Amino acid sequence: MQNEITPSISDYLTELECQYEIGFAREHTYRPALQQLLAAMLSHLIVSNEPARQACGAPDLILLRKEDNIPVSFVEAKDIGDPDLTGRKANQEQFDRYKRSLDNIIFTDPRKSG
């Protein structure tokens with residue numbers, strides 16, 4: 001399985017680098033690459049970008065079981081270099097709200113390679 005995932009990670013990093021180098025990319029720009037990476041790694045799940053709002057807000061991605069569309073996890077993806085990925089400053093209210101409401105939430109930024 002590692003050999004199947006490795007090209008996806010390489011493709012993901014290449015796409016991030018390309019978008020970053022243009023100089024106009026922001027959080028939304030990187031999400032399609034993350035969606036494709038997660039879909040390749042988690043083929044038993046549906047990975048959807050910009051899902052319908054939840055009561056607590058609008059996480060960026062939702063991961064659903066293919067057989068019954070039950071949510072497995074949510075992802076809140078921040079911009080490369082977001083100074084508050086830990087959620088202790090500007091993102092604290094949002095992160096706390098998501099952690100209180102969602103059983104499985106992942107916070108990430110799309111780290112630029114190199």
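Here the structure is a predicted model, which means the values were calculated and not measured.
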Side-chain (Arg65) to main-chain (Ile70) donor-acceptor, under 3.5 angstrom: no
Per-pair distances, 0.1 Å, donor-acceptor, side chain in residues 31-46, under 3.5 Å, sequence neighbours excluded:
{"residue": "Arg31", "atom": "NH1", "partner": "Glu50", "partner atom": "OE2", "Å": "2.2"}
{"residue": "Arg31", "atom": "NH2", "partner": "Glu27", "partner atom": "OE2", "Å": "3.0"}
{"residue": "Arg31", "atom": "NH2", "partner": "His28", "partner atom": "ND1", "Å": "3.4"}
{"residue": "Arg31", "atom": "NH2", "partner": "His28", "partner atom": "NE2", "Å": "3.3"}
{"residue": "Arg31", "atom": "NH2", "partner": "Asp60", "partner atom": "OD1", "Å": "2.9"}
{"residue": "Gln35", "atom": "NE2", "partner": "Val47", "partner atom": "O", "Å": "2.8"}

With sequence neighbours left out, the residues meeting ring-ring contact (aromatic ring centres under 6.0 Å, His included) with Phe107 are Phe95
Closest heavy-atom contact between Ala25 and Tyr30? CB-OH, 3.3 Å
How many angstroms lie between atom CG of Asp109 and atom CG of Asp84, to the nearest 0.5 angstrom? 11.0 Å
Distance check, rounded to the nearest 0.5 Å: Arg100 atom CZ versus Asp96 atom CG? 6.0 Å
For residues Val75 and Leu63, report the shortest heavy-atom separation together with the two atoms involved. CG2-CD1, 3.8 Å
Value rounded to 0.5 Å, distance of NZ in Lys78 from CD in Gln94: 3.5 Å
Would you compute the distance between atom CZ of Phe74 and atom CG of Asp103 and round it to the nearest 0.5 angstrom? 9.0 Å
Whether Ser48 side chain and Ile62 backbone form a donor-acceptor pair below 3.5 Å: no
Please tell me whether Val72 and Tyr98 are part of a single hydrophobic cluster in this structure, the criterion being side-chain heavy atoms less than 4.5 Å apart. no
Please answer: with hydrophobic residues joined when any side-chain heavy atoms are less than 4.5 Å apart, are Leu61 and Ile105 in the same cluster? no
What is the distance from atom CD1 of Ile22 to atom CD of Glu17, rounded to the nearest 0.5 Å? 11.0 Å
Gln54 side, atom CD; Leu102 side, atom CG - distance, nearest 0.5 Å: 6.5 Å
